[in-house]
2 protein chains.
Amino acid sequence: MAKEKKRKVGRPSRNDSDLDILSGSDRREQIISVTAALFSEKGYDRTSMRDIAAATGILSGSLYYYFPSKEALFLEVHSAGMKILTNAAREVWAATDDPWERLEKLAAAHSKALLENSGFMIMVFPRFPEGIDAFRPELIRQRNEYESIIAQAVETLDLPDGIDRSLFRLQFLGALNWSQTWYSPKHGISPAEIGMHLVRMLRPLRG
Amino acid sequence: MAKEKKRKVGRPSRNDSDLDILSGSDRREQIISVTAALFSEKGYDRTSMRDIAAATGILSGSLYYYFPSKEALFLEVHSAGMKILTNAAREVWAATDDPWERLEKLAAAHSKALLENSGFMIMVFPRFPEGIDAFRPELIRQRNEYESIIAQAVETLDLPDGIDRSLFRLQFLGALNWSQTWYSPKHGISPAEIGMHLVRMLRPLRG
DNA sequence: GTCTATACAGCGATAGAC
DNA sequence: GTCTATCGCTGTATAGAC
C-alpha cells in the first residue's frame, strides 16, 4: 500500500529485499522505525519532524525527500505496525484449533506486539491524527483487516445467550489496548501473561 | 457548545441562567464546561486557547483572567470530570450490597459518565499532556481516588485462584475506557448496557 | 541524498487600554 | 472583565545549493 517509491533517476541499486521493519536496511525504513518509536513514546502531535530527523541523524528538510508530509509518514508507520499484528494473528490462527486456546494465543500475541517491540503501539492509538482525512479510508481498511481475524476467532467460541459477539470483540481488544497506559516492565508481569490473564477471566463463559 | 455571545459593550446584564454542566453559573464554570467538550472531541493538543475562547464567546486573552495557563485549565477540567465519576461511584457503593451487582452498577455508571455527558471523557484520557509535570501529582491523586473505589469493589468479589485482582481492575477499566474510541449513539446500545455487558462477561468467574 | 536557509501559519502568553 | 495588539517561539513545509 502506498509505497511511494519516488526514485526519479539513477539506479535503485537495491536488491528489493526491502521492508522488514525492525531491521530496516535503508534510510527510508530507518525513518519509519525511528518514527514509530517516537510516536509511541510521545504521541503524534508532540513529535515534530525535527525530532524525527534528529533521532534519525539527518536534518528535517531531508525527511521530505522520502515522505511528502508528516501524515504520509504516519500512514507508513501505521501500515508497518498493522502488518506485524496481522501476520502474528494469521500465524496463530493457522497453528491452533481449539477456539479458546486460539483466543488465548491471539491475546498473548496482541499484547506482545503492543508492549514488547521497540514501539509500534501507535497502531492502536485511540484516535487518528486529524486533518488526515485523505488517508483515513486506508487506515480503517488496515485496522479492519486485523480486527476481522479477531472477529472470526470470537465467532467460533461457544458463548451463552446474552453475550454479544461484537461487543465481546470490542471489549476484549479494549482491555488489551488500554494496557499501553499502565504497563511497565517493572510490573513483573510479561506482555504475554497480560493477554493470557484476560482470556482466563473470560473462559468460564464457555457453555 | 459554541454560544458565541460576543456582546462587546454595555454591562454583562446576566440573569445567571447561563449554561450549567455542573450547575456552574458563572463564566469560569462555562469555560471549564466548554473546554471539556473540546478536549473530548479533539484532544488536548489540537484544541487551542483560541478555539476555547471562540466557543465560549470571548477572545483568547480573556481566558487568562480566569486561568493562568492552558495546563491549569486542563487540571480544572480533569478535576471536574473525576468528581462526576467519583461521586457516582460512591453513590453506587452506598446503595448496593451484593459484590457482583455492585460491580455491574459501577460499570454502568462509569460508561454513562464517559459516554453520555457532554464531554468529560477527557478524565480518562490515555495520557496526560506533557510538560504538565507541576500538576501531575494532583492528577494522579484524583485518578487514584476514583480507582481505589473500584479496587475495593474488586476486593469483595469471590474470584478463583489464578485471577489477579489488580490485573482484573486494570483490564476491567480498560475495556470500559476504550469504548470512547468506538462508541456512537447509533450503535443502538446504551452506555449503561455497555457496562452491564462487560460484567455479564466476567460474572461466570464467581466461585 | 543531504544541507542551508527560510517562508508562513499557528501556538501560548502578556501588557495595557477601556 | 474583556478586548486590542503583539511578542517570541515552534510547527510543517519548500526552494535551491551542493
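Order of the sequence lines fixes the chain letters, A, B, ..., with proteins taken first and strands second; residue numbering starts at 1 for each chain. Since we're looking at a predicted model, the values are computed, not measured.
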S.K.: Rounded to the nearest Å, what distance is computed from the NZ atom of residue B:Lys70 to the C1' atom of nucleotide D:dC9?
M.R.: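 B:Lys70 atom NZ is separated from D:dC9 atom C1' by 15 Å.
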
S.K.: Rounded to the nearest Å, what distance is computed from the CG atom of residue B:Leu73 to the P atom of nucleotide C:dC11?
M.R.: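 Going from B:Leu73 (CG) to C:dC11 (P), I get 15 Å.
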
S.K.: C:dG10 base to B:Arg50 side chain: any donor-acceptor pair below 3.5 Å?
M.R.: no

S.K.: Considering just the side-chain nitrogens and oxygens of B:Tyr66, establish if one lies under 4.0 Å of OP1 or OP2 belonging to D:dT2.
M.R.: yes

S.K.: Taking the side chain from A:Arg165 and the backbone from A:Leu157, do they hold a donor-acceptor pair closer than 3.5 Å?
M.R.: yes

S.K.: Mind running a 4.0 Å heavy-atom check of residues 52-59 of chain A against DNA chain D and sending the residues that fall below it, in number order?
M.R.: none

S.K.: Please report the distance, rounded to the nearest Å, between CG in B:Leu63 and P in C:dA13.
M.R.: 10 Å

S.K.: When you match A:Gly61 and B:Ser60 each to their closest nucleotide on DNA chain C, which lands nearer the 5' end?
M.R.: A:Gly61

S.K.: Kindly point out which of D:dT14, C:dG12, D:dT2 is positioned nearest to the side chain of B:Ser48?
M.R.: C:dG12

S.K.: Given D:dA13, is OP1 or OP2 found less than 4.0 Å from the side-chain N or O atoms of A:Tyr64?
M.R.: yes

S.K.: To check you understand the geometry: which heavy-atom pair defines the closest contact between B:Tyr64 and B:Ser69, and what is its length?
M.R.: CE2-CA, 4.2 Å

S.K.: Could you tell me how far apart B:Met49 (CE) and D:dG8 (P) are, to the nearest whole angstrom?
M.R.: 20 Å

S.K.: Just the rounded figure in Å: distance from P of D:dT12 to CZ of A:Phe74.
M.R.: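 Computing the A:Phe74:CZ to D:dT12:P distance gives 14 Å.
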
S.K.: Going from CZ on B:Phe172 to CE on A:Met201, what distance comes out if it is rounded to the nearest 0.5 angstrom?
M.R.: 9.5 Å

S.K.: Would you mind reading off the distance between B:Asp45 atom CG and D:dT10 atom P, rounded to a whole angstrom?
M.R.: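 Rounded to the whole Å, the gap is 16 Å.
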
S.K.: Show me the donor-acceptor pairs within less than 3.5 Å that the side chains of residues 91-98 of chain B make with the rest of the protein, sequence neighbours left out.
M.R.:
from, atom 1, to, atom 2, distance (Å)
B:Thr96, OG1, B:Val92, O, 3.0
B:Asp98, OD2, B:Trp100, N, 3.3
B:Asp98, OD2, B:Glu101, N, 2.8

S.K.: Ignoring hydrogens, what is the shortest heavy-atom contact between B:Arg27 and B:Thr56? Give both atom names and the distance.
M.R.: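 Heavy atoms of B:Arg27 and B:Thr56 come nearest at NH2-O, 3.7 Å.
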
S.K.: Hey, does the side-chain of A:Arg27 have a donor or acceptor N/O within less than 3.5 Å of a partner on the base of C:dG1?
M.R.: no

S.K.: OP1, OP2 of C:dC3 versus side-chain N and O of A:Ser62: anything below 4.0 Å?
M.R.: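 Checking C:dC3 against A:Ser62, a side-chain N or O does come within under 4.0 Å of OP1 or OP2.
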
S.K.: When you check the phosphate oxygens OP1 and OP2 of D:dG11, does a side-chain N or O of A:Arg46 lie under 4.0 Å from one of them?
M.R.: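 So the side chain of A:Arg46 is outside the cut-off, no N or O lying under 4.0 Å from OP1 or OP2 of D:dG11.
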
S.K.: Given D:dT2, is OP1 or OP2 found less than 4.0 Å from the side-chain N or O atoms of B:Tyr65?
M.R.: no

S.K.: Please determine, by modelled atom types, if A:Arg102 and A:Thr156 share a side-chain donor-acceptor pair under 3.5 angstrom.
M.R.: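 A donor-acceptor contact under 3.5 Å links the two side chains.
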
S.K.: Would B:Phe128 and B:His78 count as a ring-ring contact (aromatic ring centres under 6.0 Å, His included) if you check the C-alpha gap in whole Å, the side-chain angles of each, and the deciding distance to 0.1 Å?
M.R.: CA-CA 10 Å; B:Phe128 296 138; B:His78 187 270; 5.6 Å; yes

